[in-house]
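Encoded as structure tokens, the structure appears first; notes follow it.
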Amino acid sequence: MNDTVFLRVNGREWGGWTSLRISAGVDRVARDFNVTISRTWPGATEPTPKIKNGDRVEVLMGDDLVMTGWVEATPVRYDASSISLGIVGRSRTADLVDCTAAPAQHAGATLVGIAAALAKPFGINVIDAGAPTTSVIGAQPQHGETVIDCLNRLLGQVQALAYDDERGNLVIGNIGTTRAVTALVLGENILTCDTEKSVKDLFSEYLVTGQRPGTDTDFGAATISAIKQTVTDSTVTRYRPYTIQQSGTATTATCKARCEFEAAQRAAKVRETSYTVQGWRQGDGSLWRPNLAVIVYDPLCGFDNEELIIGEVNFTQSEGGTITELRVAPADAYLPKPPTQKKAKKKKKGVVF
């Protein structure tokens, strides 16, 4: 199968890269690419790609579109013997990561509905990939807050993910709803493994304290940590307590949810592992992609046909060959932090979606 990488810019396709990297993930919202052409000075007579910053670009692997976005940098590096020309860009959703959200009140809407309203000024479509339909609260962007920062505050309310697709759309959905065709198997398709398995961020006890609303006669220090919830991790055998002060107005439920989240996500992150495999495709010819549930058999890392989530995919090509790096972990490693409740404020007039 032809996996030559082309950049489609201004009606023309450019290729011939000496090295490249394309990255996408469930926790990065905007995928990116970096391609390079290197030449020696005596033979540097081939046409240089007429590509400039701000150009719209499509990145293709053979016949498969893998990214739609914008050129953001065109680095040039040279020495006495050679010159290196690069092109760097990100998905269309990069504007949601970088730019300030329009100030508007989003009341009584679903996460997908709010995301669509926030993305509309940027001309970005929102794809509903099975996102929960319950209404979310506290959706008004804060002063100077980016679109994604605003959405990140809401994702935890319904435990959904936000990421981009190959056309530069914003996708809102659940974790690991589609399974990979090919498993990752030690001794078969796994080329290399890299994992720290560090437990420095694990604790024997997670204590979350929260502030309850005060009154004219009940205020100050007495209300700051009035609500407490604790979760223990029996795998940590020595005494290692960790206390978190919940922001906003807390409830027993929000403090308990934060406790459970901290214990589960930290434990899942310990098991996060990066594997490399040959080529960019699974056994059926489809590309590897983020948010696939994949079976992993690797006794050296403690995975016995365990289903993990692909959190990030990195396609690379260089003198060392064509490989894919897959970062995998249990689902809890990629779920968003549960929300906190903001202090009640007087309602202000605004645009309602």
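Keep in mind that the numbers below use all heavy atoms, side chains included, and drop hydrogens, waters and symmetry copies.
In this structure, the side chains of E166 and R31 come closer than 4.5 Å at one or more pairs of heavy atoms. Side chains of D79 and S82 form a contact here, defined as non-hydrogen atoms less than 4.5 Å apart. The closest side-chain heavy-atom distance from I37 to S84 is not below 4.5 Å. A heavy-atom distance below 4.5 Å is not found between the side chains of Q246 and T209. Within the 4.5 Å cutoff, no side-chain heavy atoms of R266 are placed close to those of V199. Counting only heavy atoms from C-beta outward, the side chains of T195 and C301 approach each other to under 4.5 Å. The shortest side-chain heavy-atom distance between L161 and N291 falls under the 4.5 Å cut-off. Counting heavy atoms from C-beta outward, D201 and K269 have side chains that stay 4.5 Å or more apart.
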- Could you please spell out the steps behind the side-chain contact (heavy atoms from CB on, under 4.5 Å) verdict for I175 and Y334? CA-CA 8 Å; I175 192 165; Y334 305 119; 3.8 Å; yes
- Message: Set out, in order, the CA-CA distance, both residues' side-chain angles and the distance that settles salt bridge (Lys or Arg N to Asp or Glu O under 4.0 Å) for R179 and E307, then state yes or no.
- Response: CA-CA 9 Å; R179 286 179 169 79; E307 186 174 87; 2.8 Å; yes
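The 12-atom threshold is not exceeded at NZ of K256, counting heavy atoms of other residues, nucleotides or ligands nearer than 6.0 Å.
Seen from the ring of W70, R56 counts as a face-on cation partner, given the 6.0 Å and 45° thresholds. Remark: R327 fails to qualify as a cation-pi partner of Y275 under the 6.0 Å distance and 45° angle criteria applied to the six-membered ring. By the 6.0 Å and 45° rule, K197 stacks over the aromatic ring of F303.
A salt bridge links E312 with R28; the closest basic N to acidic carboxylate O contact falls under 4.0 Å. Between D164 and R92 there is no salt bridge, since no side-chain nitrogen of the basic residue lies less than 4.0 Å from a carboxylate oxygen of the acidic one. In this structure, E306 pairs ionically with R271, as a charged nitrogen and a carboxylate oxygen lie closer than 4.0 Å. The residues D98 and R90 are annotated as salt-bridged, a charged nitrogen and a carboxylate oxygen being separated by less than 4.0 angstrom. A salt bridge is absent between E58 and R167; no separation between the charged side-chain nitrogens and carboxylate oxygens falls under 4.0 Å. The existence of a salt bridge linking D3 and R281 is confirmed by a sub-4.0 Å separation between a basic side-chain nitrogen and an acidic carboxylate oxygen.
Under the 4.5 Å side-chain heavy-atom criterion for ILVMFWY residues, a single connected hydrophobic cluster contains both M61 and I87. Cluster annotation: W288 is connected to V296 through the hydrophobic network of ILVMFWY side chains, with a link wherever side-chain heavy atoms come within less than 4.5 Å. When hydrophobic clusters are built by joining Ile, Leu, Val, Met, Phe, Trp and Tyr residues whose side-chain heavy atoms come closer than 4.5 Å, directly or via intermediates, F122 is grouped together with L170. F33 and V313 fall within the same hydrophobic cluster, where Ile, Leu, Val, Met, Phe, Trp and Tyr residues are linked whenever their side-chain heavy atoms come under 4.5 Å apart, directly or through other members. No chain of hydrophobic side-chain contacts below 4.5 Å, direct or via other Ile, Leu, Val, Met, Phe, Trp or Tyr residues, connects V112 to V26.
A side-chain donor-acceptor contact under 3.5 Å links T276 and T192.
Ring orientation note: the planes of Y242 and F203 are close to parallel, at an angle under 30° on the 30°/60° scale.
Judged purely by atom type and a 3.5 angstrom limit, N174 has no side-chain atom pairing as donor or acceptor with the backbone of T177. Side-chain atoms of E260 never come within 3.5 Å of backbone atoms of V231 as a donor-acceptor pair (strictly under, hydrogens ignored).
By the salt bridge (charged side-chain N to carboxylate O under 4.0 Å, His left out) test, E325 pairs with no residue at all, sequence neighbours left out.
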